[in-house]
Structure formats: structure tokens, C-alpha cells
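Given the structure is predicted, the values throughout are model-derived calculations rather than measurements. Sequence lines set the chain letters: A, B, ... in the order given, protein chains first and strands last, and positions in each chain run from 1.
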Amino acid sequence: MVKPAAKIKVDSMSTRTASFKNLEMYIGEIIEEEEEWEPQGPTPFPNILTLRNWSHTLLRRYKPFYAPFCDRCCLCTFGHCDLTAGKRGACGINIEDQQGRIVLLACLMGCSAHAGHARHMLDELIRRYGPDYPINLGDEVAVEAPITRTVCGIRPKTLRDFIPVLDYVQEQVLHCLSATHTGQESSYLDFEAKALHIGLMDTLAMEVADIVQIVTLGFPKGDPEAPLVDIGMGVVDLEKPVVLVVGHNVIPAVGVIDYLRAHGLEEQIEVCGICCTAIDITRYDARYKIIGPISRQLRYIRSGAPDVVMVDEQCIRTDNLLEARRIKAAFIATTDKNAGGLPDRTNDPVDEIVEDLVRGALSQTNNGVFISDPEKAGEIAVRVAMKLAPLRKKYKVIPDKKKLVELASKCTLCHTCQRACPEDLPTGYAVKAAADGDLSKLADIYDACVSCGRCSQVCPQEIPVHDLIVRAAEKQIKEDKYKMRSGRGPIKDTEIRNVGSPIVLGEIPGVVAYVGCSNYPNGHKDLVEMAEEFLKRRYIVVASGCSAMDLGRYRDEEGLTLYEKYPGNFDAGCLTNVGSCVANSHIAGAAIKIASIFARRNLRGNFEEIADYILNRVGAVGVAWGAYSQKAASIATGVNMWGIPVIVGPHGAKYRRQYLGRADVNEDWYVYNARTGEKVYVGPAPEHLIVVAETKEECIALTAKLCMRPNDTTKGRQIKLSHYIDLTRKYLGKEWPDDIDKFIRVEGDIPITFKEDLLRELKDRGWKPTEIPDPTLLPRLIREKK
Amino acid sequence: MSLGPTPWQLANVQGPRTAKVINNAKVVAARIKRKKNPILIVGPKITREVEGKKLIDYAIEIGKTGMTIVATAHVVKEFINAGFTNVISMGLSDISNRLRDPNWKGFKGEGKPELALYLGGLYYTQSQSLSALKHFSDVETISLDREYHPNADWSFPNLNPKEWKEAMDELVNLLKQ
């Protein structure tokens with residue numbers, strides 16, 4: 001625990017130059033000797049080299065598979081350097097090492113986004129609530145910060161205790177970023193080791209960010225019955241002024257809500273959000289609304305609904321100012337990460353700013369300001385919305401139907417729009433059909449459209465293709481009203497006590513986490529179908545971020561969303577929404593808690609042992625079906641470092657790197673039996689650490705496979721195999737998975753219903769039984785060597 | 001070194017090494033005959049129809065000439081439904097990973113493929129697989145899709161459906177001879 005070395009408090013004091021009242025001064029810092037809550041492990045606050053052996057252990061089995069996005073390096077003035085056909089650049093780098101470098105850069109961008117967000121919040125919340133504000137996540141969460149405990153070896157009790165944690169993250173980011181400079185790291189293996197290290201730092205920064213906002217802002221503390229909140233493009237009352245908040249840092253949006261509360265205006269203004277800021281405003285106050293994930297920005301702003309667009313940081317379209325200007329809305333930027341080239345009016349009188357913004361918005365000229373004071377930004381947003389709404393009358397730039405047909409009739413079917421579409425959607429055919437009055441094809445592609453707007457930009461006939469899609473789907477948009485369970489934050493220790501044993505022994509077949517962004521290959525319905533497939537099979541299903549939002553955006557025949565059908569507990573057959581992007585830390589946290597609460601492993605400064613435990617025993621897999629961002633790359637790499645595999649959707653191939661195992665190379669699949677020290681073949685479990693799946697069918701079968709672990713009991717392995725076989729039959733049409741023999745260690749593993757037929761199949765394949773070890777990849781954990 | 005047509009996905013600009021353009025199906029047939037253990041990797045768009053014929057029908061015709069078909073994603077199900085079960089089912093990442101391994105001896109020890117043809121994949125995942133092989137393996141690659149793939153060794157240019165059908169019909173006839 002960090003304490004000030006000296007604290008001076010003065011009630012009142014007058015000098016010649018100044019008068020003080022209630023002055024508090026802190027001098028210096030000491031880290032107090034903590035009570036021995038656990039013995040300190042071997043690696044508190046690890047640097048780049050401390051965990052390098054663990055990273056290399058992972059990389060030996062899960063070798064980086066690179067698919068370059070570009071043949072060249074263009075990072076210095078010797079370039080462009082041609083790296084094809086084994087050539088090296090002017091600095092000596094080759095294509096393989098260059099990919100490792102780009103991967104590390106992406107992870108650094110992601111980690112620093114979360115760490116910067118965490119730092120901003122910690123500083124602001126300490127300013128508001130004081131450094132001694134306690135970390136209290138409720139009676140059922142005693143292991144309050146599993147990642148901090150494991151990585152840093154400290155147990156945070158107050159906000160102040162997170163200061164050295166973020167200082168440490170920042171230091172690691174600094175060193176790893178410096179390694180990407182020309183002429184630094186020379187091996188892809190150590191670029192990847194650094195990427196894994198930075199991914200780990202990312203999980204740590206995310207944990208800090210979410211814990212500090214939960215404890216100070218009154219977010220749900222692991223409540224499985226966190227309230228159901230409204231989500232969808234159609235949930236906002238357009239008769240009222242609308243403030244739209246976009247981004248990830250909830251502090252400015254809290255400023256809006258606090259102003260409404262203080263002035264009794266909650267019923268008069270609609271506050272809605274896009275992306276994680278939206279998730280977090282509903283954790284602050286469940287009355288407020290979510291429009292949806294990042295792909296909703298362009299279409300929602302162009303619909304004319306928002307009177308004020310307020311942005312904070314991360315994943316915000318960088319042309320939101322211009323889009324707001326087109327619809328005569330005001331724009332407020334609020335963080336240093338995204339100042340937008342706007343005038344800083346933080347210190348100007350509020351009345352003047354309000355007048356200027358209203359005038360600038362209506363004249364579509366200077367409609368934007370930068371306000372770094374979140375409380376002031378909140379007041380300005382509300383007052384501008386109230387003044388502007390009756391004047392701009394929801395001015396929109398989406399064409400009406402008559403205009404739509406007129407514009408569509410210019411189409412020459414050149415398909416340039418399709419060629420610019422990230423999803424390769426048949427937009428040309430849809431526009432052509434609309435020219436003949438059939439809007440259904442445009443409406444059909446609305447859900448798969450990620451609202452990037454590239455189609456409109458490239459059309460040689462200047463047809464606003466994106467806007468035609470939005471107009472054609474207006475019925476869907478009006479009916480876009482769903483429910484999402486508000487982000488509950490951590491998994492409770494009591495829940496872990498209930499499910500830890502069944503997870504590790506395999507009787508709960510797995511934990512599947514649907515996380516990440518919304519760059520889906522075919523709309524969000526695939527995501528819903530995948531999640532429900534595993535919910536029905538009584539896996540534990542967890543969600544976060546944009547995926548958590550999209551899982552709520554579907555109703556079954558009875559009109560129920562997944563969140564209304566399935567309880568929010570962390571338990572078999574339940575759907576747990578942990579919250580925004582930074583709440584992803586609770587998913588890794590749950591795996592760590594299993595090691596601590598169920599298996600009684602020490603966490604403190606003991607990263608390697610805990611990651612080894614998770615890799616070999618905790619059947620969890622992340623599915624980032626629509627991953628697009630650098631943050632998603634960093635999060636995935638971070639959970640890989642913890643020993644949790646991840647499946648990414650097809651666009652994930654553009655991350656350039658996967659960590660692939662080779663099921664056909666038997667030598668890669670040996671572990672130590674910790675009981676005896678002997679090496680035992682355990683099969684490819686899990687087969688990959690990060691792998692691309694192209695279709696939902698492929699993803700579903702792969703998910704079941706990646707939940708198997710060397711430590712499964714025979715009963716547990718039977719359960720997991722029965723799902724793997726059933727899903728392979730259902731989605732791939734094959735009687736048996738091609739690799740089924742690799743996952744049957746002993747006859748007892750065979751599901752009883754398949755026993756006779758499968759034994760025959762195994763005999764044909766020359767199968768031989770092996771043993772079930774107490775698995776570890778760490779020789780130092782062998783208890784008794786023979 | 002050559003600069004080919006504009007890639008189908010416009011910003012998928014590669015280089016300096018880009019695919020040679022297939023002007024004639026005879027070129028493809030000649031490459032297939034010259035290389036050992038060629039395989040045809042088919043992807044999720046294999047059930048797409050072009051000028052009244054599905055891509056999977058072309059794939060089955062090629063498979064019947066003896067070429068090994070690797071069905072990626074969940075696509076093996078489409079072949080089973082079509083009554084053609086002599087396919088290998090393997091994810092695109094897995095087959096790409098094996099092809100880049102100089103020590104891989106093939107599916108059953110028959111020898112590593114020297115040529116991989118692609119048909120019916122998602123444009124962007126196929127492009128990435130081709131990039132991996134371009135940079136990290138000596139396996140020659142040919143894209144049979146009607147969209148230009150700059151990361152392949154050989155690719156059709158961006159063809160209209162009629163042009164593509166003519167080329168594929170000619171290719172299948174040449175392979176049957």
C-alpha cells in the first residue's frame with residue numbers, strides 16, 4: 001500500500017501574500033510493508049525480460065504465422081524498402097521481423113489507449129474523491145484485483161495504490177515502444193515476446209480503469225441482476241433534445257448526467273451513446289440509452305437525431321465534427337486524445353460558448369469546441385441541446401424515398417462501391433434494383449453494412465450509396481429496440497466457488513467470451529446464433545464491449561432478447577455482460593480467480609505459475625468475431641499471455657499474425673506430469689492461441705475444440721467431446737472430427753453414446769491410449785522427479 | 001516484377017511483387033501439369049453461382065481429375081451434400097501454415113504440394129493466405145476467382161461473369177484430357 005511520507009493539514013493560515021483554508025500537503029511516498037496476505041512470488045512488477053521464458057515457451061508451441069499486409073517497410077527515410085523474396089531492408093530487417101514489429105506497434109497502440117484512459121480516470125477520480133477512497137467491490141468480491149495482485153504483487157486498498165501500477169505500465173510501454181525504433185529489436189520472436197508483455201500490461205491497465213470507475217461512480221459490483229437497459233437506433237424519443245456521447249471515457253458523459261440530475265432535467269433530455277461510453281453511462285444510470293457499437297456512428301448522426309455530439313476518446317470517427325456540421329448539430333470534444341483542432345474554450349464563460357455553438361451549428365460553420373473540464377462540458381452539452389433542438393428540428397441528410405430512386409437511377413453497375421466495401425457487399429446490384437423501385441435489396445444489406453461510408457466516396461456517379469442503404473432500412477431502424485443487461489463488472493468470488501471445480505474438471509464444458517468490435521463478415525446475427533448455441537449447451541457465456549451490445553440486438557419468436565432469456569450469473573447456461581472494453585479484464589480475472597479460489601494457488605507476484613495453470617486447466621476461449629482495432633489486438637495478445645486462446649473473425653487475418661499450433665507435430669504437445677516429472681503427450685489442447693475462423697459454422701466447431709484442456713477428467717472430456725462431435729456433425733456435416741483421435745487420451749474419455757462406433761473408428765486410425773497427467777509446462781513445478 | 005490490374009478490393013495494393021495475369025486457361029493447365037501434388041483450396045463462397053453454374057461444380061470436376069481438394073471453413077458440408085466426399089477439411093489458416101513449412105510431407109506423406117490453386121474464398125482472407133505463401137514459402141499459387149488477387153503468383157484479372165465462365169470451362173476441359 002502506498003502512503004504519503006508526510007501529511008500536513010492546516011485549517012486556516014494567512015500570510016502576506018496569500019490566505020489558505022483547509023490546506024492539505026503530501027510530501028513524498030512510502031510503500032508500506034503490507035501484511036503478508038500471501039508470500040511474495042518470484043516476479044512482482046516484471047520487466048520485459050522477466051517473463052521472456054514464458055513468452056518463448058508459448059511461442060515454441062504456438063509459432064507466429066505471418067500474413068503481411070504490405071510487401072514493404074516505409075518507416076524511415078531509407079525506404080520504401082522492398083522486403084519480398086527474402087530481401088532485407090536498408091536497416092537489415094526482413095519481412096518476418098517487420099511483421100513482429102508491426103504487431104508490437106499495434107499492441108502498444110491498444111495498450112496505451114487503455115492505459116491513457118485509465119490514467120485520465122484515476123487522476124480525475126482522485127481529484128474528486130481523494131486518494132484514500134477505498135477499493136470496495138462488495139462483500140462477495142474479496143479478490144478485488146486479481147490481475148494487479150498477480151502481476152504487481154500488491155493488493156490495492158485505495159485509489160492511491162493504483163498510481164504505481166499505472167506508472168509501471170507506462171514504463172513498460174515506454175521501453176517496448178522504444179524497441180520498435182529502427183535498429184532496435186532484431187528478432188520477430190522477441191518482438192512477439194514484447195507484444196505478449198504489452199498485452200499483459202493492457203489487461204492490467206484495463207483492470208485499473210474498470211475498478212476505479214466501478215467503486216467511485218457506483219457501477220454494479222458483480223450484480224447478476226444488473227438492470228436491463230434500452231439499446232437500438234429506435235429507442236430514443238426524438239421529440240426531445242438529444243445529446244449523443246461517443247467514445248470510451250465515461251467521465252464527460254457523467255458530467256452531462258450529473259448536470260441533468262442537479263437541475264431536474266432528466267425527463268426533458270435524451271442522453272444516448274455509441275460504443276463503450278454508452279455501456280458505461282448505463283452502468284452509471286440505467287435510464288440512459290445505447291444506440292449501439294461503433295458502426296452506428298455515421299448512420300445515426302446522418303439521421304439527424306442528435307442535437308449535440310460529444311466525443312471523448314477511442315474508436316470515434318475522425319470526421320464526426322464535419323458530419324455534425326452537415327446536420328446542423330453542435331460538437332464538443334473533451335479529451336486531450338482528440339482535441340480535433342478546435343478552439344480550447346475551457347476557460348470561457350458558459351453563456352458565450354452556448355450562444356456561439358448554437359449560432360455556429362445553425363449556420364453550419366464553427367459548430368465545434370474543445371472543453372477539457374468534464375463538468376463544464378456536461379453543462380454546455382445540455383444547454384446547447386435545449387436551445388438548438390427546436391431550431392434545427394432534427395435536420396437530416398438522408399435522402400427521402402423519392403430522391404433515393406432518382407439518385408439510384410444514375411447507377412451504371414460499375415461495382416466500384418462493392419470494391420470499396422470492407423465486407424464486399426453486393427451494393428451495386430442493390431442500388432440498381434432500387435432504381436427500379438425495389439428497395440428490399442438495399443434493406444437486406446443494412447445489417448451487414450459497417451457504415452464506413454467508403455462506397456459513397458468512390459461512386460463515379462456520386463450516388464450516396466451508404467445513405468440509400470440507411471433510407472431503405474428505415475423500418476428496421478424504427479423497430480431497432482432491444483434490451484441489454486447493464487455491465488456488471490467483476491465475477492464474484494462466490495460464483496467462482498460454485499463453478500471453479502466443474503470448469504477445471506471439464507464438467508462445465510467451457511467458458512466462451514464474445515468480446516470485441518463489430519467488424520462482422522455478415523452482420524451481427526451470426527454472433528447471436530453462436531452465443532445461443534453455447535448457452536443451450538450450458539457453457540458459461542460472457543460478453544463485453546461491442547459484442548455485448550450486439551448480443552442484445554435480436555428477438556426470438558417470443559420477442560425475447562438473449563439477456564431476457566438467460567440469467568446474468570457466471571454459471572452454466574447463463575449470459576454475463578461484464579461491461580465495456582476495459583471490463584474485459586474481469587474475464588481474465590475470472591480465470592485467475594479459479595486458480596486462486598478453487599486451486600488455492602498463490603497469486604502474489606506469481607504470474608508464470610498462474611498462466612501455466614490457466615493454459616493447462618481452464619477451458620476458456622475468447623471469440624472476437626468482429627475485431628478491428630489495435631485495442632482488440634492488444635487484448636487478444638494479453639489474454640494469450642495468460643494462456644487463454646482466442647478465435648477472431650475473418651477480418652482478423654489482417655492483423656498479420658496468428659499464433660498457430662500444429663496438431664500433426666506430436667512433439668509440440670508434451671507437458672510435464674507435475675507428479676512424476678515425466679513428459680506426457682496430451683494432444684493439441686488448446687490447438688491454437690489465436691486463429692482466424694472464416695464462417696460462424698467453422699467458429700462454432702473450433703470453439704468447442706479449443707475448450708479442451710490437458711487436465712480434463714474423463715467425465716469432463718466426455719462432455720466436451722460430445723459437444724465437439726455433435727457440433728461437427730451439425731455444422732460441418734462430418735460424422736467424426738478428423739482429429740478426434742488426438743483428444744481421446746483413454747477409453748474413459750469416449751462419450752458413452754458414441755462408444756461402440758468411435759472405438760471402431762479409433763482402431764482404424766491406429767489409436768493408442770496415453771495417460772492423464774497433472775500438467776505443467778514449468779519444470780520448477782514438478783513435485784517429485786524420477 | 002509487374003504491375004497488374006487494380007485489385008478487386010481497391011486499396012489492396014501490393015508490390016513490388018504482384019500476380020502475373022492469366023490471359024489463357026492453357027497457362028493454368030500447364031502450371032498444374034508441371035507441378036507435383038497440386039491442391040485446390042476452396043472457400044466459403046464456393047456455392048456462389050456464376051452464369052448458371054456453381055463454383056462447387058467446377059471444384060468437383062477438377063477434383064475428379066485427381067487433384068486434392070481442401071475445403072476450408074465449414075465448406076466440407078457442401079461437398080458432402082453434393083455427394084463428393086473425397087475432400088480434405090481444414091481451416092484456411094491451418095492449410096496455409098502447413099504449406100509454408102518446408103518440412104511438411106503432405107496430408108498422407110505423399111509429398112508437399114508444389115502448387116496451390118484457390119477458388120471461392122472470402123476475398124480478404126484469401127489475399128492474406130496468398131501473402132503468407134508469397135513471402136514464406138516456395139509453393140506456387142494460382143487464384144481461379146474472377147477477381148484479381150495481387151498476392152498470388154498467377155491470377156485472372158477482374159473478369160465479367162461470362163469471360164470467367166469461358167475460361168473455367170476451358171480449364172476443366174484441358175484438365176480432363
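For B:R100, the part lying under 4.5 angstrom from a heavy atom of chain A is the side chain only. Interface remark: B:S96 contributes backbone and side-chain atoms alike to the contact with chain A (heavy atom separation under 4.5 Å). With a 4.5 angstrom heavy-atom cutoff, B:A73 touches chain A via backbone and side-chain atoms both. Looking at B:N158, only its side chain comes within 4.5 Å of chain A, counting heavy atoms on both sides. Contacts between A:P521 and chain B at a heavy-atom distance below 4.5 Å involve backbone atoms as well as side-chain atoms. Using a 4.5 Å cut-off between heavy atoms, A:L702 makes no contact with chain B at all. Proximity to chain B (any heavy atom under 4.5 Å) is shown, for A:T728, by neither the backbone nor the side chain. For A:P64, the part lying near chain B is the backbone, with the side chain staying farther off; criterion is any non-hydrogen pair under 4.5 Å. Using a 4.5 Å cut-off between heavy atoms, A:E687 contacts chain B through its side chain alone, with no backbone atom that close.
Here the two rings, on A:H651 and B:Y124, have centers that are under 6.0 Å apart.
Heavy atoms from other residues, nucleotides or ligands lying under 6.0 Å from NZ of B:K54 number 12 at most. Summarising the local packing, CG of B:N86 is surrounded by 12 or fewer heavy atoms from other residues, nucleotides or ligands at distances under 6.0 Å. Other residues, nucleotides and ligands contribute over 12 non-hydrogen atoms within 6.0 Å of the NZ atom of B:K35. Around atom NZ of A:K432, more than 12 heavy atoms belonging to other residues, nucleotides or ligands sit under 6.0 Å away. Within a 6.0 Å radius of NZ in B:K64, other residues, nucleotides and ligands contribute 12 heavy atoms or fewer. Sparse packing is recorded around NZ of B:K36, with 12 or fewer heavy atoms of other residues, nucleotides or ligands lying under 6.0 Å away. Heavy atoms from other residues, nucleotides or ligands lying under 6.0 Å from CZ of A:R765 number more than 12. Heavy atoms of other residues, nucleotides or ligands lying less than 6.0 angstrom from NE2 of A:H80 number 12 at most.
Of the possible polar contacts, none joining the A:R419 side chain to the B:L10 backbone as a donor-acceptor pair under 3.5 Å is found. Proximity of a side-chain donor or acceptor of B:K77 to a complementary backbone N or O of A:K730 within less than 3.5 Å is detected. Put simply, the side chain of A:D71 never gets that close to the backbone of B:Q14: no donor and acceptor are under 3.5 Å apart. The backbone N or O of A:C421 sits less than 3.5 Å from a side-chain atom of B:Q9, completing a donor-acceptor pair.
Partner of A:R662 under the side-chain hydrogen bond (donor to acceptor under 3.5 Å, both in side chains) criterion, out of B:D94, B:D101, B:N97: B:D101 alone.
When each of A:Y66, A:F69, A:F65 is checked for heavy-atom pairs under 4.5 Å with chain B, A:F65 comes out on top. In terms of non-hydrogen atom pairs under 4.5 Å with chain B, the most contact-rich of A:G652, A:G661, A:P422, A:A663 is A:P422.
The pair B:R98-A:D664 counts as a salt bridge, with a side-chain nitrogen and a carboxylate oxygen less than 4.0 angstrom apart.
Among all heavy-atom pairs drawn from A:A67 and B:S131, the shortest one is C-OG, 3.9 Å. Considering every non-hydrogen atom in both A:D738 and B:S89, the closest pair reads OD2-O, 3.6 Å. When all heavy atoms of B:S93 and A:L660 are compared, the pair lying nearest together is O-CD1, 3.7 Å. Nearest approach of B:H74 to A:Y731, heavy atoms of both residues: CB-O, 3.7 Å. The two residues A:P68 and B:H135 come nearest to each other via the heavy atoms CG-CD2, 3.6 Å.
Atom OH of A:Y655 and atom CD of B:Q128 lie 12.5 Å apart (nearest 0.5 Å). Put simply, CG on B:L92 and CD on A:E694 are 4.5 Å apart, with the number rounded to the nearest 0.5 Å. To the nearest 0.5 Å, atoms CZ (B:R17) and CZ (A:R72) are separated by 15.0 Å.
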Let me see the working for B:Y123 and A:E423 under side chain to side chain contact (heavy atoms under 4.5 Å, CB included), right down to the final yes or no.
CA-CA 9 Å; B:Y123 185 81; A:E423 314 306 331; over 6 Å; no
Using the salt bridge (Lys or Arg N to Asp or Glu O under 4.0 Å) rule, take A:D424 and B:K45 through it: C-alpha gap first, then chi angles, then the decisive distance, then the call.
CA-CA 12 Å; A:D424 202 19; B:K45 294 199 167 174; 3.4 Å; yes
